[in-house]
S.K.: 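Take a look at the following structure, please.
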2 protein chains.
Amino acid sequence: MVAVMCSRKGRPRSAEADSAILEATRAALGELGWSKLTMGEVATRAGVAKTTLYRRWPAKSELVVDAVAVLFDELELPDRGSLAADVEGVVIQFAALLERPETKTALMAVVAESTRDEALRARIRTSIVDRQKRLVLLGRERAQTRGELPREPDTAKAARTADLIFDVIAGAVVHRTLVSAEPVDEEWARTFTALLLGGLASVQS
Amino acid sequence: MVAVMCSRKGRPRSAEADSAILEATRAALGELGWSKLTMGEVATRAGVAKTTLYRRWPAKSELVVDAVAVLFDELELPDRGSLAADVEGVVIQFAALLERPETKTALMAVVAESTRDEALRARIRTSIVDRQKRLVLLGRERAQTRGELPREPDTAKAARTADLIFDVIAGAVVHRTLVSAEPVDEEWARTFTALLLGGLASVQS
DNA sequence: CCGCTTTCGCTACGACCCGTAGCGTAACTT
DNA sequence: AAGTTACGCTACGGGTCGTAGCGAAAGCGG
């Protein structure tokens with residue numbers, strides 16, 4: 001959402017229109033895909049004038065980022081008792097999210113667009129990426145509390161390791177799902193988690 | 001690159017036009033990005049009529065796949081003496097390839113498009129993905145010859161492990177480069193390789 | 001209650017790109 | 001030489017883009 005701060009006079013923007021637009025965007029994205037998704041189509045579905053759309057989002061890509069971002073808030077990290085179980089759980093969850101047609105088509109297209117648009121990349125980072133990275137930090141914290149992982153005194157090194165883990169988990173799941181186009185089932189999640197945690201032990205030492 | 005075989009009469013298609021089109025596509029892709037890349041622009045740059053383009057490629061996405069595919073042939077796996085060195089080398093190489101503006105924007109956009117187009121996905125698989133997977137198989141073969149990895153008698157399990165490794169390597173590098181937008185330098189490659197090989201040991205057992 | 005400000009829906013518009021059809025010409029096969 | 005196919009060129013209807021202008025509606029200030 002665009003933070004509108006210095007406008008306290010006049011007619012306020014309709015919050016219903018906002019949610020209707022984002023909802024319509026997700027629906028149209030799932031049915032039509034990225035390339036056939038047009039601003040006019042979204043406006044019609046939302047019951048809103050096309051100009052209203054352009055008053056809030058300058059481009060299709062930014063609209064889609066906002067529309068899809070909320071879906072990533074569904075990702076949770078329930079305590080399953082062990083680090084391995086936690087990782088397996090989030091892998092399955094993330095894969096399920098990527099199976100949905102809205103997200104699978106949107107995520108790649110938006111990242112592709114962001115290679116030429118620094119502002120869009122920043123938006124993706126704050127709206128989507130950082131929300132996932134939070135899970136990595138939480139999972140590590142829990143594992144350290146359980147005594148499964150040692151506490152790393154070097155803050156910079158700890159941050160680098162967290163980034164590495166994040167890239168490996170998210171990257172592998174995305175690649176498996178969207179490029180290899182093969183399912184992320186229980187078995188794959190278990191094997192992958194074993195690989196990750198086993199490797200983590202050798203990096204830590 | 002459509003394999004036309006059953007036409008032995010009449011004027012043959014110009015091979016120069018083919019290479020000019022693919023070259024023009026790569027150049028335009030690097031300068032304009034995916035969304036602003038038009039068929040007319042490519043035709044103009046290649047010095048070719050727009051209709052000639054459509055006679056060979058039905059859509060922009062398929063053209064781009066063919067244009068970018070040859071770049072992935074640059075990937076090599078020189079024998080660096082150890083499995084770790086081989087992996088580090090291919091990681092650096094792959095990351096360097098993804099740094100090029102033609103490839104970084106093309107790969108994501110094409111994958112995004114492929115979520116709605118099964119034929120395109122197949123084309124990506126044969127033109128790009130399988131050519132990379134080949135490197136994984138070669139690297140494992142070498143490591144087994146060196147005695148660094150045990151030979152897996154179970155063929156199915158060996159294939160699953162190879163797929164897993166492939167998804168982890170390619171996924172992590174892509175995610176690091178395009179989503180996290182941070183550099184894949186020597187240090188990252190070294191740490192990542194340690195993670196991968198260390199984990200591989202625990203999976204094998 | 002009434003002006004002020006901003007947003008809303010609507011229409012229209014030029015610009016661009018799409019993908020195709022038709023034509024005459026060029027190139028290669030037999 | 002005859003046949004067949006690819007080529008460049010032009011033109012076209014259809015669609016989307018992003019913007020401008022309008023009058024009406026909705027909240028805020030007095």
Side-chain angles (χ1 to χ4, degrees), chain A residues 1-25 28-29 31-64 66 105 109-110 113 116-117 119-120, chain B residues 1-25 28-29 31-64 66 105 109-110 113 116-117 119-120:
Chain A
M1 307 302 176
V2 186
V4 180
M5 39 210 76
C6 4
S7 71
R8 307 186 59 227
K9 294 188 295 186
R11 175 178 180 176
R13 287 191 172 173
S14 164
E16 297 171 4
D18 262 329
S19 53
I21 290 170
L22 295 177
E23 174 63 34
T25 303
L29 201 54
E31 294 177 23
L32 306 173
W34 168 267
S35 59
K36 294 187 178 178
L37 178 73
T38 70
M39 299 292 261
E41 174 72 18
V42 172
T44 304
R45 289 188 185 225
V48 155
K50 196 173 60 166
T51 46
T52 301
L53 261 172
Y54 282 105
R55 286 193 191 100
R56 309 183 182 200
W57 290 277
K60 186 171 76 168
S61 48
E62 313 228 350
L63 167 62
V64 168
D66 285 354
T105 186
V110 163
E113 214 67 23
R116 296 244 137 217
D117 187 340
L120 180 60
Chain B
M1 297 302 182
V2 187
V4 180
M5 39 211 70
C6 356
S7 70
R8 308 189 57 227
K9 295 188 298 185
R11 176 177 176 176
R13 287 193 172 170
S14 163
E16 297 171 3
D18 262 328
S19 53
I21 290 170
L22 294 178
E23 174 63 35
T25 303
L29 200 54
E31 293 176 24
L32 306 175
W34 169 266
S35 59
K36 295 186 178 178
L37 178 74
T38 69
M39 298 292 262
E41 174 73 18
V42 173
T44 304
R45 289 189 185 224
V48 155
K50 197 173 56 166
T51 46
T52 301
L53 262 172
Y54 282 104
R55 286 191 191 101
R56 309 182 183 200
W57 289 278
K60 186 171 78 168
S61 47
E62 313 228 351
L63 167 62
V64 169
D66 286 354
T105 187
V110 162
E113 213 68 23
R116 298 243 137 218
D117 187 341
L120 179 61

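Since this is a predicted model, take the numbers as computed values, not measurements. Letters go in sequence order (proteins before strands), and every chain restarts at 1.
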S.K.: In whole angstrom, what separates A:Leu63's CG from D:dT16's C1'?
M.R.: 16 Å
S.K.: Test for a donor-acceptor pair under 3.5 Å between the base of D:dC9 and the side chain of B:Thr51, counting only N and O atoms.
M.R.: yes
S.K.: On DNA chain C, does the nearest nucleotide to A:Ala17 precede the nearest nucleotide to B:Pro12 from the 5' side, or the other way round? Give the residue.
M.R.: A:Ala17
S.K.: Assess whether one donor atom and one acceptor atom, taken from the side chain of A:Lys50 and the base of C:dG9, lie less than 3.5 Å apart.
M.R.: no
S.K.: Taking the minimum atom-to-atom distance to the side chain of A:Arg13, which one of C:dT7, D:dT16, C:dT5 wins?
M.R.: C:dT7
S.K.: Rounded off to whole Å, could you give me the NZ-to-P distance for the B:Lys9 and D:dA1 pair?
M.R.: 20 Å
S.K.: Side chain to side chain contact (heavy atoms under 4.5 Å, CB included) between B:Glu31 and B:Arg45: does it pass, once the steps are laid out?
M.R.: CA-CA 12 Å; B:Glu31 293 176 24; B:Arg45 289 189 185 224; 2.9 Å; yes
S.K.: Side-chain contact test, heavy atoms from C-beta onward, threshold under 4.5 Å: evaluate it for A:Lys60 versus A:Trp34 and give yes or no.
M.R.: yes
S.K.: Check the distance between D:dA6's P and B:Asp18's CG and give it to me in whole angstrom.
M.R.: 12 Å
S.K.: May I have the distance from A:Arg55 (atom CZ) to C:dC10 (atom C1'), rounded to whole angstrom?
M.R.: 10 Å
S.K.: Rounded to whole Å, please give me the gap between CD in B:Glu16 and C1' in C:dA26.
M.R.: 14 Å
S.K.: Kindly indicate whether the side chain of B:Leu29, heavy atoms from C-beta on, has any atom under 4.5 Å from the side chain of B:Val42.
M.R.: no
S.K.: OP1, OP2 of D:dT4 versus side-chain N and O of B:Arg11: anything below 4.0 Å?
M.R.: no
S.K.: What's the NZ-C1' distance between A:Lys36 and C:dG19, to the nearest Å?
M.R.: 13 Å
S.K.: I need the OH-C1' distance between A:Tyr54 and C:dG9, as an integer number of Å.
M.R.: 16 Å
S.K.: Rounded off to whole Å, could you give me the CG-to-P distance for the A:Leu32 and D:dG15 pair?
M.R.: 15 Å
S.K.: D:dA6 phosphate, OP1 or OP2: any side-chain N/O from B:Ser14 under 4.0 angstrom?
M.R.: no
S.K.: As a test of understanding, state which of A:Leu37, A:Thr105, A:Leu120 forms a side-chain contact (heavy atoms from CB on, under 4.5 Å) with A:Val64.
M.R.: A:Leu37
S.K.: Contact between A:Lys50 and A:Thr44 at the side-chain level, heavy atoms closer than 4.5 Å - yes or no?
M.R.: no
S.K.: Looking at the side chain of B:Thr52, which of D:dG8, C:dG19, D:dC17 is the nearest nucleotide?
M.R.: D:dG8
